Asks: 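Take a look at the following structure, please.
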Amino acid sequence: MTIATILTPRMIVIGGGAIAQVADVLGQVGGTRPLVVTDKFMVSSGKLAAATDVLTKAGVAFDVFSDTIEDPTTEIIEAGVARMKAGGYDSLVAFGGGSPIDTAKAMSVLAANGGKMRQYKVPNPIPKQGLPLVAIPTTAGTGSEVTRFTVITDTETDEKMLIAGVPCMAAAAIVDYELTLTKPYRLTADTGIDSLTHAIEAYVSKRASPHADSLARAAMAAIYRNIRTVCAEPQNRAAREAMMLASTQAGMAFSNSSVALVHGMSRPIGAFFHVPHGLSNAMLLPAITAFSAGAALNRYADCARFMGVAGDDVSDQTAVAMLLDALRQLNADLKVPTPKAYGIDEAKYMSLMPTMAEQALASGSPNNNPRVPTKDEIVALYQTVWA
Ligand SMILES: NC(=O)c1ccc[n+]([C@@H]2O[C@H](COP(=O)([O-])OP(=O)(O)OC[C@H]3O[C@@H](n4cnc5c(N)ncnc54)[C@H](O)[C@@H]3O)[C@@H](O)[C@H]2O)c1
Ligand SMILES: [Fe+2]
């Protein structure tokens, strides 16, 4: 019998306008004086006011740390921890995409445990629980608001580290699709494919369980049916709402199952070449699905059926072929470039492939893949997707 351990935030508030409850949610998880963690764009665009106006109105005293960067680094986390220690806060509120949410999680972990962030990368344990975090995503997306992970790049080694455990869970999440209405085309497409990858990888993972399966299935169906619409019609509220809910569901799915080879290989591309996370997943997803499918044909065939690209009347083999066609067509429709077309330096990419393969394997994610690759096979896959 397989035993699944399920982690979720204590409270998740979902729906358009849910941000109005931020002060109440913060209070319910014991926060009275939070540090709000966000990025510069959220402040300059006025988006952050959706949260801070509510806190001000409720008489909550807060400060804002807005130095978060895309793909947060250990340097930023250390700066954030210094801010936390100086301010005497009892809680954190993260507002933004996966980067601010991951930053706040890592700040909570490092402030409580001390030392260096790399001490806590998987498979190392995180001994102490930090301050409670209210996570508010503005992308649909990473699902970080409901996952037991944070992903931080080591400034000294350029390694994109995976850090996991109960202390990385937000205490509460506010999932309000209205915050995503301003996402531009590229961000909408990339973050949407990130969610789709979470759902597919959670479902085919060796660590899949019936609980995670149900969430992955719902997410795949919704994302595949809405992703083109949400890219073409950014103000389509129904499509935005479907994508936001699916992103959170996909996050819960992979947090309680795992990601696999796509994410394992995607992180080094992001770390060395600063490709947005969802985009590097998209570059890899069709080729890695083709590489892996034979090892779990029925599971990949299920994915094709959940997404609506194959019916019950076709064989698993045919359904998987249809899935591959659908993933390649989705990349074409959403204008996903190859690493070469993205403008990555060829000599650097080729020379770093062995290092990237080592880092991918060290993250542990490839071990959850239906077909566990050798280092040489990972190098060959990096080679395959290049152009
Ligand atoms: N912890 C996890 O479980 C997990 C899972 C997947 C990915 N990640 C990590 O999350 C990070 C990526 O997060 P992301 O894809 O959400 O992007 P992001 O947070 O890096 O944001 C990308 C850009 O989009 C902007 N932006 C965010 N929301 C916007 C909105 N509503 N309107 C307009 N612009 C907006 C931001 O200001 C930023 O410039 C990566 O570092 C990735 O590794 C973490
Ligand atoms: Fe992801």
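What you see is a predicted model, and the numbers here were worked out from it, not measured in a lab. Start at 1 and go down the list; that is how both ligands and their atoms are numbered.
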Asks: With carbon and hydrogen excluded and only N/O/S kept, which atom of Asp194 is nearest the Fe ion (ligand 2)?
Replies: OD1
Asks: For Lys160, is at least one N or O under 3.5 Å away from an N or O on ligand 1?
Replies: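 For ligand 1, there is an N or O atom that lies under 3.5 Å from one belonging to Lys160.
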Asks: Please say whether Asp194 places an N or O atom under 3.5 Å from an N or O atom belonging to ligand 1.
Replies: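 No; the residue has no nitrogen or oxygen that sits under 3.5 Å from a nitrogen or oxygen of the ligand.
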Asks: Does a side chain donor of either Lys40 or Thr68 reach within less than 3.5 Å of an acceptor in the other side chain?
Replies: no
Asks: Hey, does His198 come in under 3.5 Å of ligand 1, counting only N/O atoms on both sides?
Replies: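 So ligand 1 has no N or O lying under 3.5 Å from an N or O of His198.
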Asks: Applying a strict 4.0 Å limit to heavy atoms, is Lys47 in contact with ligand 1?
Replies: yes
Asks: Has ligand 1 got any nitrogen or oxygen that is less than 3.5 angstrom from a nitrogen or oxygen of Phe149?
Replies: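 N/O-N/O distance below 3.5 Å exists for this pair.
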Asks: Can you tell me if Met42 contacts ligand 1 (heavy atom of the residue under 4.0 Å from the ligand)?
Replies: yes
Asks: Using distance alone, determine whether Thr180 and ligand 1 share an N or O pair under 3.5 Å.
Replies: no
Asks: Closer than 4.0 angstrom: is that true for some heavy atom of His263 and an atom of ligand 1?
Replies: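 For ligand 1, residue contact (heavy atoms, under 4.0 Å) with His263 is absent.
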Asks: Output the atom name for the N/O/S atom of His198 with the smallest distance to the Fe ion (ligand 2).
Replies: NE2
Asks: Could you tell me whether some N/O pair between Ser144 and ligand 1 is separated by less than 3.5 angstrom?
Replies: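 So ligand 1 has an N or O lying under 3.5 Å from an N or O of Ser144.
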